[in-house]
Amino acid sequence: MRRLLDADDVARMLRRLAHEIVEGAGGAYDLVLLGIPSRGVPLAERLADAIGGIEGTVPPVGGLDVTLYRDDLDRRGPLPLGATEVPVDVADRTVVLVDDVLYTGRTIRAALDAVSALGRPARVRLAVLVDRGHRELPIRADHVGKNLPTAPGERVVVRVDEVDGVDEVVVEPAP
Amino acid sequence: MTAATAPTVSAPAPLTDLVAIRDLDRAQVDDLLAVAAELLPIARRERATVPTLRGRIVCNLFLEDSTRTRLSFDLAAKRLSADVVAFTAEGSSVSKGESLLDTAQTLMALGVDLVVLRTSSAGAPVQLARQLDIPVLNAGDGWHQHPTQALLDAFTLLQHRPILEGARILIVGDVLHSRVARSDVELFRLLGADVTLVAPPTLLPTDVSAWGVTTTADLDGVLPDLDVVYVLRLQKERMHRAFLPPTGEYAATWGIGPARLASMRPDALLMHPGPVNRGVELSSAALEDPRCLVQEQVTNGIAVRMACLYRLLAGPRSEAAREVTV
């Protein structure tokens, strides 16, 4: 196991991501941040707080579970459903999807379907804490905390205080 | 690794069929109800379907009359993007003498992924589940079981009170002929409720002492203490005349009307599985009472049936089903 990022690193990355999101969207006025459960949700909340610190307005935050939109349910066991709670109408807003790790891109593909089932946003952006590569679909993130080159068999584990009691990013070797 | 790397939700045992409430453990029930809660808002979305079961085929095999339950299962499957085929007794090979098993095997050979079975033969879904490799979902079998009704009843109650532990629930009416009563009693007890049955003596099953419930004939005596009053439908089609007094007398003795509404607690809840014989089990005043949850039960039924279909179908396909469909 390699610990690549600690709590200070994570905090710095989130501050920078918050600035990038505001800059990319030209302000915070039409933003809504949707975290993908489970760790995307607390990350989205922290980003929203940081954006509030920059812009004076905390954008609305929600959770978007994508399980029902996955294309690999028949390859996996029964999956639990996370909560979908979207506090505002996404129509004509800038939706920022927030996830901990970007890997194959399949979760994000499902998330795009899940968002469009709720309404038609003006634009959708993607912010991730870690991009570990190995995409299987033509998907990229707009805002990346850290690019971590990894081998396919390795596991990248993001832990967040709200879920795991600690902020850190570790890489576990291939079994 | 010491710290957990995944959410520490203990996964419930996978469902292979849903035939009777007694086949479920508490973790499976909690999981189905939690899934239903996440699925409920889909109906209110701009696009009211999810693609989860795209390409799966659900067969509604309804060998007994039912409009509402079939509609509910139909909508549940469609909201999950499954394809639905209907198979009814009239005009089918069943009326030509084909056995249920032969019919079901034909459906499997046609590539059906799940059978929803409604039948007047108690126990038929159990038999079918044993013999088929695809999931069987019991939509009501004779006097025996109606598990999705019990799940939607529990789901509806839990929307109004966070736990059922210790809740005092009365089931009133034709218990003898009621698969709803059998499923509800099992599920309410599993969730920790105290269940009392009140019925005309001729409409109580002879084995009721083994159900773990209290029985009484004194409806008006217990009514003011109850958290939930669950009124069963008078199953006219399942009984011969000798069981019962005329319906006017039934309403006076066992129905819920203005006087009994007044003696119920203000925060009590009133339920009925539908369809209601208006003026018999429930008066018009009862149906309009804010404590009456009949419409919520209907709405919630779709989400609960979606949860059952999701848990039975969204996962690796069985080898048998794959062989047939490839």
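Convention: sequence-line order gives letters A, B, ...; per-chain numbering from 1.
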Given that the side chain runs from C-beta out, which part of [X] has a heavy atom under 4.5 Å from chain A: side chain, backbone, both or neither?
| X | result |
| --- | --- |
| Leu15(B) | neither |
| Ile42(B) | side chain |
| Ser81(B) | neither |

Nearest heavy-atom neighbours spanning Leu73(A) and Ala314(B):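 Closest approach of Leu73(A) to Ala314(B), heavy atoms only: CD1-CB, 4.2 Å.
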Nearest heavy-atom neighbours spanning Tyr69(A) and Thr49(B):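 That would be OH-O, 4.2 Å.
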Per-residue contacts, residues 10-26 of chain A versus chain B, heavy atoms under 4.5 Å: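 Near chain B, by residue number: none.
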Positions in residues 101-121 of chain A that reach chain B, provided some heavy atom is under 4.5 Å away: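 Interface residues of residues 101-121 of chain A: Asp113(A), Ser116(A), Ala117(A), Leu118(A), Gly119(A).
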Residue selection (most heavy-atom pairs with chain B, distance under 4.5 Å) from Ala91(A), Gly165(A), Gly82(A):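 If we count pairs closer than 4.5 Å to chain B, Gly82(A) comes out on top.
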Among the listed options Thr52(B), Leu39(B), Leu80(B), the residue most often paired with chain A at heavy-atom distances under 4.5 Å: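 Result: the option with the highest number of such pairs is Thr52(B).
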Interatomic spacing from CG in Leu81(A) to CZ in Arg311(B) - rounded to 0.5 Å: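 That separation rounds to 6.0 Å.
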Other residues, nucleotides, ligands: >12 heavy atoms within 6.0 Å of Glu162(A) CD: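 Yes - once you tally the heavy atoms of other residues, nucleotides and ligands closer than 6.0 Å, there are more than 12.
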Minimum side-chain heavy-atom gap Arg45(B)-Thr84(A) below 4.5 Å: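 Yes, their side chains come closer than 4.5 Å.
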